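Reading through the structure tokens given below for one structure.
Hydrogens, waters and symmetry mates are skipped; everything else that's a heavy atom, side chains included, is used. Numbers restart at 1 for each chain; the letters A, B, ... are given by sequence-line order, proteins then strands. Values in this document were obtained by computation on a predicted structure and should not be read as measured data.
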Protein chains: 2
Amino acid sequence: MSLPHALLTELVERPRSGSELAARFDKSIGFFWHASHQQIYRELARLEEAGCIESLPEEPTRGRKRAYRLLPAGMERLRAWMTEPTAPMPLRDELMLRLWSSATVGADGLAQEVHRRLQAHEAKLALYRSFEARDYPDGPDSREAALQHLVLQAGIRYERNWVEMLQEALAILQQPRPAGCDTAAPAPEPSVPPSGAAPARPSDSAAP
Amino acid sequence: MSLPHALLTELVERPRSGSELAARFDKSIGFFWHASHQQIYRELARLEEAGCIESLPEEPTRGRKRAYRLLPAGMERLRAWMTEPTAPMPLRDELMLRLWSSATVGADGLAQEVHRRLQAHEAKLALYRSFEARDYPDGPDSREAALQHLVLQAGIRYERNWVEMLQEALAILQQPRPAGCDTAAPAPEPSVPPSGAAPARPSDSAAP
DNA sequence: TTTTCCATGTAAACAGTTACATGATTCC
DNA sequence: GGAATCATGTAACTGTTTACATGGAAAA
């Protein structure tokens with residue numbers, strides 16, 4: 001239930017249309033929350049019906065821009081939300097699952113996939129760092145800027161984490177084989193090791 | 001589409017029942033993929049219908065344990081999945097969104113919430129580290145153990161990231177106010193400031 | 001036997017994704 | 001005028017969560 005509040009926050013500053021909001025979700029807010037335009041339009045309709053926002057061009061027009069303005073009820077809802085408890089969002093990633101599976105199933109072709117993802121995360125890390133260099137070049141920021149800077153730094157750390165992780169994963173996947181295939185060539189893999197072959201099964205005891 | 005493959009992976013070693021699988025999702029796999037027991041039972045039914053697994057006690061019994069065994073088709077599906085491309089999972093967390101919102105709406109009571117989350121992540125970090133100390137006490141692991149160790153390390157890094165982040169967030173939230181009002185006192189917010197007023201608005205230019 | 005807990009489910013609501021549709025604007 | 005693009009939607013599907021229901025086993 002975070003999307004409506006993300007939208008309300010964006011409307012505090014000034015009225016915006018769905019496409020403007022969608023564009024902002026690809027930039028700043030997108031560091032830690034993503035939303036497609038379909039989600040945004042649907043949520044805007046809900047918020048309007050709930051009396052949190054109002055459409056400025058009053059008649060519903062398809063194809064023409066339609067800005068929404070924050071109403072007092074929306075501001076109230078936003079403030080109430082700020083003090084509610086949050087639940088930690090668990091780490092959830094398919095590539096991690098595959099690395100786990102590869103320990104029991106075999107690592108055929110996985111190095112290639114890991115390498116692809118590594119490149120993607122490196123690119124994103126570089127992008128975020130360029131944002132940081134451009135938008136926060138000087139020392140300590142004001143309180144407001146510091147909070148937004150912190151959010152960007154979270155994105156940077158997250159990507160850096162992935163880069164380091166995947167580099168280690170590559171090292172493991174390529175370790176038993178000699179050199180020469182660390183960037184582009186897919187690592188040759190042992191074809192189907194027997195299922196019970198893994199000597200260590202820490203997962204069986206990985207809880208108190 | 002990762003849940004079925006997570007289940008299939010768990011069934012490679014030996015047949016397991018729904019509750020056994022659910023228990024494992026709270027431990028090892030839970031570091032990077034979570035699933036409730038409802039999801040698991042539904043997915044097991046699907047996998048059985050698809051011929052990937054088979055139920056050992058053949059008649060469907062409600063209330064009694066029901067182990068599933070991996071079938072060749074399931075193993076095939078698992079192997080095919082290992083080479084498919086993956087999409088990076090974007091960072092998505094509600095507390096980050098609130099930190100962002102607090103820059104424009106005000107930070108009332110947020111420090112309290114940040115502190116609560118900080119404690120939760122510290123606890124989880126300590127738990128994961130204890131797993132690591134117990135399950136991987138000695139030096140370098142075998143290839144299989146190294147992969148599973150890496151997954152645990154990813155969880156550790158993820159939690160450590162959060163701890164560092166939230167500590168900084170606390171420092172920011174408590175910095176400008178001398179004392180006493182960092183958790184309860186309302187921050188006066190500019191009621192609809194003119195759009196260009198903020199000194200730093202990196203979000204407006206945070207894209208190439 | 002009654003209670004309690006465990007294991008297996010069912011049902012409904014919601015969030016998010018994908019594919020597609022339509023009206024307006026702009027550019028040639 | 002026609003094509004391309006932008007802005008706003010609709011519809012269907014999948015995945016996830018929440019709440020509840022039921023049968024069996026074990027314990028009191």
Side-chain angles (χ1 to χ4, degrees), chain A residues 1-7 10 15-26 29-30 32-50 53-68 81 84-94 97, chain B residues 1-7 10 15-26 29-30 32-50 53-68 81 84-94 97:
Chain A
M1 278 285 289
S2 289
L3 178 57
H5 304 101
L7 295 173
E10 289 295 282
R16 296 181 200 268
S17 70
S19 59
E20 284 177 276
L21 292 166
R24 288 178 69 83
F25 267 89
D26 289 336
I29 318 185
F32 52 91
W33 203 275
H34 171 261
S36 64
H37 77 270
Q38 293 93 334
Q39 274 179 284
I40 291 172
Y41 286 123
R42 186 171 32 156
E43 199 58 49
L44 284 173
R46 284 180 194 165
L47 285 170
E48 185 178 27
E49 198 188 2
I53 60 178
E54 72 175 356
S55 166
L56 289 189
E58 309 223 340
E59 328 85 58
T61 56
R62 186 171 188 144
R64 217 178 304 174
K65 240 181 189 178
R66 194 178 175 189
Y68 289 90
W81 169 70
E84 284 170 14
T86 62
M89 195 146 284
L91 179 56
R92 183 176 257 194
D93 192 280
E94 191 177 343
L97 184 58
Chain B
M1 280 287 288
S2 290
L3 178 56
H5 304 101
L7 294 174
E10 290 294 284
R16 296 181 201 268
S17 69
S19 58
E20 283 177 278
L21 292 166
R24 288 179 69 81
F25 267 89
D26 289 336
I29 318 183
F32 52 91
W33 202 275
H34 172 260
S36 62
H37 78 270
Q38 293 92 336
Q39 276 180 284
I40 291 172
Y41 287 123
R42 185 171 35 151
E43 199 58 50
L44 284 174
R46 284 182 194 163
L47 285 171
E48 186 178 27
E49 196 187 6
I53 60 178
E54 73 175 356
S55 167
L56 289 189
E58 308 224 341
E59 328 86 58
T61 55
R62 189 170 186 146
R64 218 179 303 173
K65 238 179 190 178
R66 194 176 174 190
Y68 289 90
W81 168 70
E84 285 170 14
T86 62
M89 194 144 285
L91 178 56
R92 183 176 258 194
D93 191 279
E94 191 177 342
L97 184 57

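The shortest side-chain heavy-atom distance between A/Ser19 and A/His37 does not fall under the 4.5 Å cut-off.
Taking atom CG of residue B/Leu56 and atom P of nucleotide C/dT8, one finds them 12 Å apart after rounding to whole Å. Straight-line distance from the CZ atom of B/Phe25 to the C1' atom of C/dT8: 17 Å, rounded to whole Å. With rounding to whole Å, B/Ile40 atom CD1 is found 15 Å from C/dC6 atom C1'. The nearest whole Å value for the distance from the CG atom in B/Leu44 to the P atom in D/dG15 is 15 Å. Nucleotide C/dT17 holds its P atom 14 Å from the CD atom of A/Glu94, rounded to whole Å. The interatomic distance linking B/Gln38 (CD) with C/dA12 (C1') rounds to 12 Å, in whole Å. Atom pair B/Arg16:CZ and C/dA7:C1' shows a separation of 17 Å (rounding to whole Å applied). The CZ-C1' distance, from B/Arg66 to D/dG23, rounds to 14 Å in whole Å.
One distance of note links CD1 of B/Ile29 with NE2 of B/His34; it measures 11.5 Å at 0.5 Å rounding. Taking CG from A/Leu47 and NE2 from A/His5, the interatomic distance works out to 8.5 Å, rounded to the nearest 0.5 Å.
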Distances for protein N/O vs nucleotides 24-28 of chain C N/O pairs under 3.5 angstrom?
none

Measure all distances between protein nitrogen or oxygen atoms and nitrogen or oxygen atoms of nucleotides 13-16 of chain C, and list the pairs falling under 3.5 Å.
{"unit_1": "C/dA15", "atom_1": "OP2", "unit_2": "A/Arg46", "atom_2": "NH1", "d": "3.1"}
{"unit_1": "C/dG16", "atom_1": "OP1", "unit_2": "B/Arg92", "atom_2": "NH1", "d": "3.0"}
{"unit_1": "C/dG16", "atom_1": "OP2", "unit_2": "A/Gln39", "atom_2": "NE2", "d": "2.9"}
{"unit_1": "C/dG16", "atom_1": "O5'", "unit_2": "A/Gln39", "atom_2": "NE2", "d": "3.3"}
{"unit_1": "C/dG16", "atom_1": "N7", "unit_2": "A/Arg42", "atom_2": "NH2", "d": "2.9"}

Just the atom pairs and distances: protein N or O near nucleotides 26-28 of chain D's N or O, under 3.5 Å.
none

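Looking at residues two or more places apart in sequence or on another chain, you find a side chain to side chain contact (heavy atoms under 4.5 Å, CB included) between A/Ser55 and A/Glu48, A/Pro57, A/Arg66, A/Tyr68. Residues that satisfy the side-chain hydrogen bond (donor to acceptor under 3.5 Å, both in side chains) test with B/Arg92, not counting sequence neighbours, are absent from this structure. Residues passing the salt bridge (charged side-chain N to carboxylate O under 4.0 Å, His left out) test with B/Glu84: none are found, sequence neighbours excluded. A search for side chain to side chain contact (heavy atoms under 4.5 Å, CB included) contacts involving B/Ala35 returns B/Leu3, B/Phe25, B/Gln39, B/Ile40, not counting sequence neighbours. Listed by chain and number, the residues in a side chain to side chain contact (heavy atoms under 4.5 Å, CB included) with B/Ser2 are A/Glu94, A/Leu97, B/Trp33 (sequence neighbours excluded). With sequence neighbours excluded, no residue forms a salt bridge (charged side-chain N to carboxylate O under 4.0 Å, His left out) with A/Arg64. Considering only residues two or more places apart in sequence or on other chains, A/Arg42 meets the side-chain hydrogen bond (donor to acceptor under 3.5 Å, both in side chains) condition with none of them. Under the side-chain hydrogen bond (donor to acceptor under 3.5 Å, both in side chains) criterion, A/Glu20 pairs with A/Arg14, A/Ser17, sequence neighbours left out.
Put simply, A/Tyr41 has no side-chain N or O that comes within less than 4.0 Å of OP1 or OP2 on D/dG9. Distances shorter than 4.0 Å separate none of the side-chain N or O atoms of A/Ser17 from OP1 or OP2 on D/dA7.
Two residues, B/His37 and A/Ala35, neighbour DNA chain C, and the one matched to the more 5' nucleotide by heavy-atom proximity is B/His37.
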